[in-house]
Amino acid sequence: IHSQIEQALGPDFPVEIRTYLEGFVAAASEAFGPDLESVIVFGSGAEGRLRITSDLNVMCVLKNLLPPAADAMRPILRQGHTLCRLRVLFILSSEVLENSRLFALKFSDIKRRHAVLFGSDPVAGIEIDRSALILRLKQTLTNLKQRARAVYAWVGDNAARLSLAIA
């Protein structure tokens, strides 16, 4: 596990978080057994650009997700949340394609920025529909614009609060 993770993330990846991910993959392999198909890191972590404010995004692709297996993962999930703001997406292999259509923007980013820590590459063969991507991008930008207006109306007269909201 160590060499595959080091190869996937590169030598400059923070050692403490790489060590955590080795434990995470080992715990997931033990908890899920043959139901575990893949573990990937995506986003800034996959690029080796974690910052103090970054979340560490991980996707576990499973054949099945049974409650006892999820229960067994709870301690390592809590540890990851504390250590590196871990965010885990548990997804069934039968759902990957449909989710890539429903969440085109997210899966476009995952496809662009991911590193396989265990198993096969769940997004290698996925093609993101350009029209779905454009629609979701428009929705996201419209939502941000509306939120920005609301924040400005609420705290626009307070420079400190406004800069915090913008940040």
Side-chain angles (χ1 to χ4, degrees), residues 4-10 12-14 17-18 20-21 24-25 27-29 31-32 34-67 69-70 73-74 76-78 80-81 83-154 164-167:
Q4 184 176 353
I5 291 176
E6 186 171 7
Q7 183 180 2
L9 298 175
D12 296 330
F13 196 85
I17 298 175
R18 183 176 39 226
Y20 167 77
L21 285 170
F24 179 91
V25 170
S29 295
F32 298 117
D35 283 332
L36 182 65
E37 293 186 359
S38 304
V39 177
I40 67 167
V41 169
F42 62 94
S44 60
E47 294 178 316
R49 297 185 335 165
L50 286 174
R51 295 168 301 190
I52 194 79
T53 57
S54 296
D55 293 337
L56 180 64
N57 298 296
V58 173
M59 180 191 312
C60 291
V61 180
L62 305 156
K63 292 176 190 168
N64 294 298
L65 177 57
L66 302 173
M73 290 295 293
R74 199 164 290 121
I76 195 118
L77 293 171
R78 289 179 177 159
H81 179 73
L83 174 68
C84 53
R85 295 175 48 160
L86 178 71
R87 302 287 182 258
V88 181
L89 173 61
F90 291 102
I91 186 169
L92 301 182
S93 51
S94 61
E95 300 170 335
V96 172
L97 185 58
E98 181 66 14
N99 276 256
S100 74
R101 291 181 183 139
L102 294 172
F103 304 101
L105 193 58
K106 181 176 195 71
F107 273 80
S108 176
D109 183 51
I110 291 172
K111 189 167 173 64
R112 246 182 335 102
R113 303 184 307 154
H114 73 281
V116 178
L117 305 183
F118 174 86
S120 58
D121 187 343
V123 296
I126 291 175
E127 292 297 322
I128 305 296
D129 180 63
R130 183 169 166 74
S131 61
L133 185 61
I134 290 170
L135 175 64
R136 183 63 185 135
L137 184 57
K138 286 179 179 179
Q139 289 172 333
T140 300
L141 291 174
T142 300
N143 186 38
L144 289 172
K145 180 172 56 177
Q146 292 168 348
R147 285 183 183 187
R149 288 176 184 152
V151 167
Y152 180 78
W154 183 254
L164 183 61
I166 291 170

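Counting begins at 1 with the first residue of the sequence.
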Going by the rule side-chain contact (heavy atoms from CB on, under 4.5 Å), which residues pair with [X] if we only count those two or more places apart in sequence or in a different chain?
| X | result |
| --- | --- |
| Ala69 | Phe32 |
| Arg101 | Leu97, Glu98 |
| Leu83 | Glu16, Tyr20 |
| Asp55 | Asn57, Arg85, Arg87 |

What's the separation between atom [atom1] in [X] and atom [atom2] in [Y], rounded to the nearest 0.5 Å?
| X | Y | atom1 | atom2 | value |
| --- | --- | --- | --- | --- |
| Arg147 | Asn143 | CZ | CG | 4.5 Å |
| Ile126 | Ser100 | CD1 | OG | 4.0 Å |
| Leu9 | Gln4 | CG | CD | 10.0 Å |
| Cys60 | Leu77 | SG | CG | 8.0 Å |
| Arg18 | Leu21 | CZ | CG | 9.5 Å |
| Asn99 | Ile91 | CG | CD1 | 4.0 Å |

Mind running side-chain contact (heavy atoms from CB on, under 4.5 Å) on Leu105 and Leu133 for me, showing each step along the way? CA-CA 5 Å; Leu105 193 58; Leu133 185 61; 3.6 Å; yes
With a 3.5 Å cut-off and sequence neighbours excluded, list the donor-acceptor pairs that the side chains of residues 34-46 form with protein atoms.
residue	atom	partner	partner atom	Å
Glu37	OE2	Ser93	OG	3.4
Ser38	OG	Ser120	O	2.6
Ser38	OG	Ser120	OG	3.4

Taking only residues two or more places apart in sequence or in another chain, which ones pass salt bridge (Lys or Arg N to Asp or Glu O under 4.0 Å) with Arg74?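 Counting only residues at least two positions away or on another chain, Arg74 forms a salt bridge (Lys or Arg N to Asp or Glu O under 4.0 Å) with Asp71.
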Heavy-atom distance under 4.5 Å between the side chains of Leu86 and Phe24, does that happen here?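 Yes; the side chains approach each other to less than 4.5 Å.
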Are any of the side-chain heavy atoms of Leu141 and Leu137 separated by less than 4.5 Å?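 The answer is yes; the side chains approach within 4.5 Å.
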Would you mind listing every salt bridge (Lys or Arg N to Asp or Glu O under 4.0 Å) that reaches into residues 104-124, with sequence neighbours excluded?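 Those involving residues 104-124 are Glu47-Arg113, Asp109-Arg112, Asp109-Arg113.
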Within residues 126-137 or reaching into it, pairs that qualify as side-chain hydrogen bond (donor to acceptor under 3.5 Å, both in side chains) - sequence neighbours excluded: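 Listed by first then second residue: Asp129-Ser131, Arg136-Gln139.
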Quick one: does Thr142's side chain have a donor or acceptor within less than 3.5 Å of a partner on Lys138's backbone?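 A pair under 3.5 Å: yes.
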